**Student:** 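Mind looking over this structure? Questions follow.
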Amino acid sequence: REISGKIDEINPQNVQISMKFTGRTLHDIIKARAIKTAWLNLLHNAGLPTTPYHFEVILPVEGAYPDIVIGHTDNLIAATMAQADTVVFACRQEDNKRRILRNAAHISIIEAGLDRETDPIAGSYFVEKVAAVLAEKALAG
């Protein structure tokens with residue numbers, strides 16, 4: 001909503017949106033989709049070309065290793081489903097544990113086939129409907 005008043009001052013080619021995931025998978029995916037929908041609607045309503053933005057997801061990695069591997073992998077899969085362009089691991093784990101977390105998550109994405117899909121949750125009526133309603137509310141105020 002804050003952006004809508006300044007849309008004339010923004011170069012849509014150079015927009016980066018960062019979002020910190022909370023660990024609530026469906027909530028995070030819907031919120032990310034709502035941001036995307038709101039951005040594209042905002043550009044469309046302003047008569048500007050609907051160019052995508054660079055979407056960065058910040059994943060908090062909290063807890064003790066190895067207990068956090070499953071939750072972390074779940075968060076990375078959610079970031080993939082939300083079409084993140086960049087994923088930042090906000091963790092204080094030592095290098096070897098960080099590498100294991102990253103590799104476990106990447107293997108899960110490859111095994112699930114999410115790396116082969118442009119939009120892994122496209123057509124999910126529930127996600128798209130809730131995200132659209134959330135985007136409308138955000139733009140309406």
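The analysis underlying the following values was restricted to heavy atoms, covering all of them including side chains, and did not include hydrogens, waters or symmetry mates. Note that the coordinates shown come from a computational prediction; the quantities given were computed from them, not determined experimentally.
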**Student:** Please name the pair of heavy atoms, one in K31 and one in L134, separated by the smallest distance, quoted to 0.1 Å.
**Tutor:** CA-CD2, 4.3 Å
**Student:** Check A135 against A38 and note the closest heavy-atom contact, atom names and distance.
**Tutor:** CB-N, 3.7 Å
**Student:** Which value, rounded to the nearest 0.5 Å, describes the distance between L42 atom CG and I35 atom CD1?
**Tutor:** 13.0 Å
**Student:** Write down the atom of A131, the atom of I30, and the distance for their closest heavy-atom approach.
**Tutor:** CB-O, 3.8 Å
**Student:** Distance check, rounded to the nearest 0.5 Å: T22 atom OG1 versus N75 atom CG?
**Tutor:** 7.5 Å
**Student:** Is there a continuous path of hydrophobic side-chain contacts, each under 4.5 Å between heavy atoms, that joins L26 to L76?
**Tutor:** yes
**Student:** Between E56 and T86, does any side-chain donor sit less than 3.5 Å from a side-chain acceptor?
**Tutor:** no
**Student:** Considering residues, nucleotides and ligands other than H54, do more than 12 of their heavy atoms fall under 6.0 Å from its NE2?
**Tutor:** yes
**Student:** Would you kindly confirm whether V133 and F126 end up in one hydrophobic cluster when ILVMFWY residues are joined by side chain heavy atoms under 4.5 Å apart?
**Tutor:** no
**Student:** Quick one: list whatever passes salt bridge (Lys or Arg N to Asp or Glu O under 4.0 Å) with E128, sequence neighbours left out.
**Tutor:** R33
**Student:** If I compare all heavy atoms of F21 with all of A82, which pair ends up nearest, and what's the gap?
**Tutor:** CZ-CB, 4.1 Å
**Student:** Quick one: list whatever passes side-chain contact (heavy atoms from CB on, under 4.5 Å) with D74, sequence neighbours left out.
**Tutor:** T25
**Student:** A84: which residues meet the side-chain contact (heavy atoms from CB on, under 4.5 Å) condition with it, sequence neighbours left out?
**Tutor:** F55, V57, A79, V87
